[in-house]
2 protein chains.
Amino acid sequence: MSDLLERLRGRGWRLTSQRRVVAEVLDGEHVHLTADEVHARAAGRLPEISRATVYNTLGELVALGEVLEVATDGRAKRYDPNAHRAHQHLVCSGCGAIRDVHPHGDPLAALPAAERFGFAVATAEVTYRGLCPDCRP
Amino acid sequence: MSDLLERLRGRGWRLTSQRRVVAEVLDGEHVHLTADEVHARAAGRLPEISRATVYNTLGELVALGEVLEVATDGRAKRYDPNAHRAHQHLVCSGCGAIRDVHPHGDPLAALPAAERFGFAVATAEVTYRGLCPDCRP
DNA sequence: GTGTTGACTTAGACAGAGTCCAAGTTAGGA
DNA sequence: TCCTAACTTGGACTCTGTCTAAGTCAACAC
């Protein structure tokens, strides 16, 4: 994602310090941060950045396909900078930890035409759930 | 789900009119209602039922395994009374419509041991997304 | 039937996540 | 350097969902 800023500029983005900081936060740690966590880290570098701007910027990055939105629980969405390699998520039912995983095969292929009901099915998201080593009894 | 009330009674539930109405609402329409929609329909039959009771009852039904919680967007959770037959969900990216679908194969099998990172993986939820016939261009 | 009691329900306050808006600021082209 | 549309800001607001204290009532014992 290091040339992300250039790609965005090429798409007509105005390159503000706020957007730069948000992109750097996502780029820096390949974890799954919530919007509030992104805001906290961004504020570490640019104290006056507002929550609204973080939400706006994240929404734009998602719309541009540079970042994935992950909703594994009913709580805050998380943002995954690893948008350029297909993967799924493994979530701990105990502590909520998330890992990227790479199952084999294409999950889309498992849905026969008769089960598509005329939808133009485009993607399949898989969430695996279970207890992580730290949470196992 | 018609004998749901009996099953619940057998598990020590007190059978109040509120719980009965919530169970009937879920039983009556095999759609995926939000908590607020369940509340609205329940209030049609029992006007003084409170939101808190609807949330409590839905939570209990989920804990008992009688109803599934489905979070397909970052918005309100939806409640799926079809908990006794394994299935996945197909969601319209345009209007949000949800259908139960039955892919073949077990999605869990696609995750090799090397990709489980010591987790005791228990379930795999698949969400297929695409445009429904009404939303296709 | 009546009484008792703890489980259940209620209204409303509260909290977390996210959106919206009007006013102020600024990146980048002319 | 100036201009202006695009961007940012703080704060109010909405939407979901949770919590609490006080009141109610289903089911059991008698």
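Letters A, B, ... mirror the listed sequences (proteins, then strands); counts begin at 1.
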Check your understanding: Could you give the angle between the helix axes at the two ends of the helix from C:dG1-D:dC30 to C:dA30-D:dT1, with five pairs per end, rounded to 10 degrees?
Key -> 30°
Review point. When you check the gap from the basic side-chain N to the acidic O, do B:Arg11 and B:Glu60 get nearer than 4.0 Å?
Key: no
Study note, to complete from the structure: Of the candidates C:dA7, C:dG28, C:dA17, the side chain of B:Arg14 sits closest to C:dA7
Review point. Parallel, tilted or perpendicular: which describes the rings of B:His89 and B:His32, with under 30° parallel and over 60° perpendicular?
Key: perpendicular
**Study point:** Most 5' of B:Asp36 and B:Thr16 on DNA chain D, judged by nearest nucleotide
**Key:** B:Asp36
Check your understanding: For DNA chain D, whose closest nucleotide is more 5', that of A:Leu46 or that of B:Lys77?
Key -> A:Leu46
Revision key, fill the gap. Residues in residues 49-56 of chain A with a heavy atom under 4.0 Å of DNA chain D, by number, are A:Ile49, A:Ser50, A:Ala52, A:Thr53
Point to revise | Any donor-acceptor N/O pair under 3.5 Å between D:dT16 base and B:Arg75 side chain | key: no
Practice item. Please answer whether the main-chain N or O of B:Thr34 pairs with a side-chain N or O of B:Glu37 as donor and acceptor at a distance below 3.5 Å. Key: yes
Check your understanding: Is the phosphate of D:dT8, meaning OP1 or OP2, less than 4.0 Å from a side-chain N or O of A:Arg19?
Key -> yes
Check your understanding: Among C:dC8, C:dG28, C:dT10, which nucleotide sits nearest the side chain of B:Glu48?
Key -> C:dT10
Review point. With respect to the phosphate group of C:dT26, does any side-chain polar atom (N or O) of A:Gln18 fall under 4.0 Å of OP1 or OP2?
Key: no
